[in-house]
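A quick write-up on the structure given underneath.
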Amino acid sequence: MSATAEPLDLARLRAEAVERGPQFWRSLEELADTAAFREYLHNEFPRLAARFDIAPDRRGVLKLMAASLAMAGLTACKKADHIAPYVDKPADVTPGRALHYATALSIGGYGFGAIVESHEGRPTKVEGNPDHPASLGASDAIMQAACLGLYDPERSRTPTKDEQAMSWDAFLGEVAALRDEIGNREGAGFALMIGPITSPSEAWLIDRLRAAYPRMLLCVHDPLAADGERTALQQVFGRATATLPRLGQADVIVSLDADFLGEGPGRLAHARAFSSRRIVRDGATTMARLYAIESTPTITGASADHRWAVRGSAVPAIAAALAARLGLGADVNAPVPSAALDAIAADLRKAAGTGLVVAGPHQSADVHLQVHAMNASLGSFGLAVDYIPPPDYRPPGAVSLGALVEQMRRGAVTALLVLDANPAYTAPGDVSFAEALVKVPRTMHVGRYVDATAKASRWHVPLAHDLERWGDIRAFDGTASIIQPLVQPLYGGHAASEVLSALLGEYSASPLDTLRTYWREIGGLDDAAWRAAIQRGVISGTTSAPVVSNAAPVLSSKVNPAGTGIEVRVVPDPWLRAGEYANNAWLQELPRPLSKIVWGNAALVAPATAGRLQLASGDVVRVARDNNAIELPVSIEPGHPEEVITIALGFGQSAIGQVGNGVGANAFPLRAGEALWFLDGLSVSKAEARAAVVTTQHHHSMEGRDIVRNGTLAEYVANPTFAKDREPAPSGTLYPPWPSREEAWAMVIDQTACIGCMACVSACQAENNIPTVGVDEVANGHEMHWLRVDRYYTGSVDNPGVVFQPVPCMHCEEAPCEEVCPVNATVHTHDGLNAQIYNRCVGTRYCSQNCPYKVRRFNFLDYQPFAEGTGSPLAALMNPDVSVRSRGVMEKCTYCVQRIERGRIEAELADQPIADGAVTPACAQACPTQAIIFGNRNDPGSRVRRLHEHPLDYALLAELNTRPRTTYLARVSNPNPALAKLEEPVHG
Amino acid sequence: MPQLFRPRANALARWIVLLAVIGTIFLGTGATFYLRSDFDTGVNHPLAQPVPFSHQHHVAGLGLDCRYCHTGVETSAVAGIPPTEVCMTCHSQIWTNAAVLAPVRESFASGKPIAWTQVNHVADYVFFNHAIHVAKGVACVTCHGEVDRMPLMMRAHPMQMEWCLGCHRNPTPYLRPPADVFDPEWSPPQDIAAMQAALASHEKIDPSKMTDCYVCHR
Amino acid sequence: MTARSKLYGVIGAYREPEPLVSAARTLRDAGYAELDAFTPFPVPALDAILQTRATPLPLLVLAGGIFGAVASYALILYSVMVDYPIDVGGRPLNAWPAYLVLAFEGGVLGAALAGFVGMLALNRLPTYYHPIFNAPSFTFARDDRFYLLVKSSDAKFAEARNALRRTGAILVEEVAP
Amino acid sequence: MAEARAATLVRGDPGYPEITGRIASIVLAGRLPRIFWLGFLGFFALMLLFLFAIAYLVAAGVGKLGLNVPVVWGTMITNVVWWIGIGHAGTLISAVLLLFRQPWRNSINRFAEAMTLLAVAMAGLFPILHLGRPWFFYWLLPLPNTHMHWPQWRSPLVWDFAAIATYIVVSLLFWYMGLIPDLAVLRDRARSRGAQVFYGLLALGWRGSAFHWKRHQTVYFLLAAIATPLVVSVHSVVSLDFAVAIVPGYHSTIFPPYFVAGALYSGFAMVLTIAIPLRAAFGLRDFITQRHIDNGVKVMLAAGMLVAYGYLSETFFSWYSGTPYDRYELFARFLGPYAPCFWIMLACNVGALQLLWFRRVRNNMALLFGIALVINVGMWLERFVIVVSGPANDFLPSAWNTATLTWLDFALLFGSLGTFFALMFLFVRILPAISIFEVAEEAHQEGAA
């Protein structure tokens, strides 16, 4: 058991912190300095003494003591170690058994339903909630990383005024003073800035606040918001409306710069619906077809059957040209071959009601008008597309950031409260929020980190994490969920509703009361419905009904001409979003789906453009808008539109934490005025420096090897076994077979369904205590992810096909790794698992040497020292059912053996055989498209058996005769025959 | 040429060679025995506890069932150390001011857990599940020894890998009817061997499944 | 008789191996039995005359080799078939091609150790104290000397001194026990 | 007269006492050239660096070396193979040439054996340093543990462990066997009491009895007979570490003979690297004569050509195999990230070698010394290229990566060289660098002839 039985030793912690360099747990220094905390922990529970800084209230104590007990699972036991049992055990807790709670996580203000696994009060793992429309049981990297975010020791820990630690009550005092100040003038001079929210109860509070203070300024600041769709549909429907594409209903989909698989609050649901129309199972001979026209490489484009990369400002022309071919408006010439557009239009018309055009959120209102008109003319309403009232809170009369800053500069704002937003970092280059802020006498910031805005404000109050607060939230389709806490705020954070209530004068209102009141009185939930809502994680009946559309489509007359010269395409980073997750090491180190870049952003350019500008990957370029300039390394991306540079947002922060500070470059200052996503008129020059672009994949071609086998639907229909036929004749083996009477665990990965979203990788990291190693170690090739998603380009570099291949351990029946291990550290189990026994491993690395798939990972250095009792909160993040590996030990995918063994034990206790689907590895559970199927190959009824017998099934590197248990279904695409000769089809 | 060494040098040299050989053999065997000795494994060494809790008194004397305190044993991997409140259910009534129970009362009052000293723990990096063992008919006393005869808790078995494997390779002789696993006084009937064989087949206890590394190491 | 029992033997010294060999032959023919020779480097010619033998050693080495090989293979078989049979990469338990390598190494080790230990044992080494060193002039290597020894246990020991002188020894001296 | 003897093994006609005297005096007459001590101090400094590097490696972890996935093996393994190879020459000279009754071996076998011992000791160190958890290296041994755990006998690394251990023991015995009479010589010639006792104890009371000589010689030859297959097996086993693996560029049946030839090649290069300065420094030209050097060089030439053939056949079969993996690995070896190492290696091992066809070169000691050094470098590079280039470009292109060496890699390599030579110097100082009794016997026979 971890060796911190003695009280917290600050000297040791500091020493370690200092010599450790920039790692998360260094900030224990600050933590350990508060005398109260020291004293409190000392007599509370020694083992966890080093781990937490929490408010000494009963529930928290209980949970954490339980955690201390569960800590037993983490590291090895020694003689005469101590056990700290509960004093008063909560009824529902059985030490050693995990509990699962339904809740929701807020990403960009929108809700994603989650089931959170909790070990004696320690949330350790997030899964999707099958009942929730936005997750459907799946999850993504940001959801998976939520637990790390919860324990992040660098989250702000205490209210501060002018950087002096204050109490919550002191803050309430400040709020009271504020109320006195603005009370008698209807809130004039007071401005409230909030981030994007969909929470009904918070919206209700804010509305009450605006009622109480009519002249107060409200600013909803969402740096990732785009108003094109809202404006267009406002024009069409006369009221705020949002598009809800029904990809499950669509036979032909045209994406006009829409990355519906990777972006937006509905991405997981869209991915599920899309793949449901793409996977070919026995008998099926039809598939949806996707045309993607995009301004930067996305995973949606990667999944498309036909893809054109164009500059973002050219999309309106393409929309108009396509509309014209559907009989709407006049034709204009577009950068996409006319013949191609003809074919697309024909295809759409053929599909009629099941044809769908989706416009990218960043595109202008004109494009959205065109798209709405096209869908209207296709008669897809109610079939392939619906329109709903937008779930997010955008009250009329709210002022823009620019307007607010103007007021501040004119001194018209005497008090500003920023609630869960970071404008000092995310403001565009032409909005100087920071210098306007100094003109405001009374500034308050409520957020999870002491970020740029917190540092610029006089007051800062820690905001509670989603896993430690009460609240509610809406999903992309309007469905509301209750957010329930799994643990008391670890670092004394407060819910947004508490702050809002305080502004309303309700200083002691608990978030739960506020929430319950709202849902009882406005939401109309009686206690039964409330309990049901908490249990299911979804409030039934809250899904928005589609608006019945009798509105005539409006065609936009003008078509903005495409820009010229280098255009900078700004995109949100898929994981860091607007930078709020920048201090999350899992997300920083998770390779970006296409570029595979980690720990930073780069200027992505097309090979041709790089050639013209004489840029090589790693050259630093200087991108500047008048006095705002950033420097960042170039990365050449095949399939990138020419004369365009893509830069991801969310990087280059200076005040988020040890993990995120100074990682990458901050592209927000490049924005100005209306140009938020497609920036032109920027100066791009080559700097003399070079900087490493750290990626996890260095070779991008399959070198003509039969690794990812793919074919068209036509080929599949003609010869279903085309993939198998390419295999060499099955060679025999000299070895007598080993009996496989029991389960034969196996996995099948459907490469048609896989969209390369990386959810599986992050889920694996969360489930299996996989460390992050930091940018330098990744650069050394020491990354630890057990599961990697290989991305290969096929065809031309200018518009290549993209294929993804998740590669976990193959669990070969005749494993080359096992035979060469000198110490029996990797051997076979009776159910066919390739077991890796960490505590037996001496680290010869011969197994990795002899693994043709190179799926083994080695602890080159000591990556998780905190597991040895150095006292980091991160130790509480560990999954107690999985060993934490020490330095010098080989590790690899185990098919989540801890879940298999749990399933086996449950089954034996119930005296049942292990049912198909009873055991699901983390990767399969997270996958939005259910591309990973796991089960018992010996069970004739199991899905994995059926898929293993599917004609598309093939084994990777079958010619080596390793007999992998993990097999693949060949990738099938559905290109339009009419276009086949026009451009190289995606499958190469 | 004068002699370089005295006559006894010969005998001396041969003795030294002999002793060296014997010594190495002795050290080798000694080490293997030491690793298995009670001295090293801590078997039969009662450990001091904050409260001198006697299983003998509570189990043999009062006849408390194991599950009264170790509630998780049938459902969870962890049998569980009883919360202070469990102690207080009785000791708020009896021995309410016994000196030895002061730490218990103090813990209940302060909410600060009693720091018991761990006695039984499996080898490092082992994931042990109580529920399945109990369900399959492995009695508490089979691993924990006759706790009803232990005034102070102590280890009954070394709990090293070879000890675990001893049973996992040949489980049958260690089985008893699952109904009796909590009975420390249980005495095997005449036909115990046949009964155990029947149990093994009925519970589908198959050593070939129980010796995989992954059964314990994950 | 008394003087004779006090001695270990007498040695005669020669400048070159050849006279030593011929001297040894003469004494052998004269019926001397308890002879030994001391030379700074092996003089194979002496072997026949003094009937030195190494017979057990080759057999010992062979035995050591066989034991080493068999023992290694047996240990391996016990471990993989009896003590902990385990599926390693689907390979058979008795993967003899792999194990033969180890058996070979074990054999070599056994043979070498047997040879070395056997040599020392048969030569009664270490023998730090030996009467021959009592001979005042005796040296193994200080200068060019080849010695022939007649042990006092020899029946014809009485005539040994003269016999040695007759063989042209450059000097003859007694060796105290 | 002198000319007639020019090609003999013991030049001039030194009497037997003169021989022993001159050889023994190196050890006994405490005065040594200053160059000796300077050299020793230099290498001793490197030895200290070695110790520091080892401490740092064990404390920080193998991640500090130039390693990653896929290139999980690096310079540690390279050093093992290289040092083992060097070890081979000693055994070959002393055992094989003894069996074939090649008298010219006599004056170089002793230090060649010492070289073997030290080289193999170095080689034995690196597999341990290579481990992720070096303190558990003994888990490769069958020990009576409480986990009922055994080594995994199918693993070439276990074979390696056994082979190297056996090799160390046997060479040690063989070396000591030969040394006993010479120790007795030193005992008798030593003047100080201390030296007499020291050598006396080691000599085990050797007195040169005809009976002892008989048994001694019998076992000496038997050991030689055993060591000969052993020396072949050791490097074959080392080569199996690679040949057994499925990695393209490793999986090749030519490896065992090819590695053995390489071992002799590098071994003789090292013999020359030591012998040439040795005979110069200690005026042993009469014992290590032109002919010794010449024969050594010829063996080297033969082994070198075998190695060259190895390269050729490796290349051919990679192409002939027809598998894309082997072919690409070949391509990568010629033009890939590690190509410079490959071409330098060719220049050293095949290019420089060709000079040795010319007698003028073979007679030019300075040049020979240079060539020997170059070949040592070349052979290290050969092993390095084999170790890293295969894994760096194996089956799945997505996993391809290269590792860059760090200061630690070099500290350990040069540190081990320093340690090797420092110990070599001590050996020359304390024990006779040339087999006294064998040279004496040789000289006597020549004299008689």
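Each chain gets a letter, A, B and so on, in the order its sequence line appears, and its residues count up from 1. Keep in mind that what you see is a predicted model, and the values were worked out from it rather than measured.
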Here the gap from B/Trp163 atom CH2 to D/Met148 atom CE, rounded to the nearest 0.5 Å, amounts to 14.0 Å
> For B/Arg14, does the CZ atom sit with more than 12 other heavy atoms under 6.0 Å from it, leaving out its own atoms?
Replying inline: yes
Smallest heavy-atom separation, D/Arg187 atom then B/Leu4 atom, equals CG-CD2, 3.5 Å
Let me check something: any side-chain donor-acceptor pairs from residues 54-64 of chain D under 3.5 Å, sequence neighbours excluded? List them with distances.
none

Expected contact set for residues 15-35 of chain B against chain D at heavy-atom separation under 4.5 Å reads B/Thr32, B/Leu35
Scored by heavy-atom pairs under 4.5 Å with chain B, the best of D/Leu201, D/Thr146, D/Val197 is D/Thr146
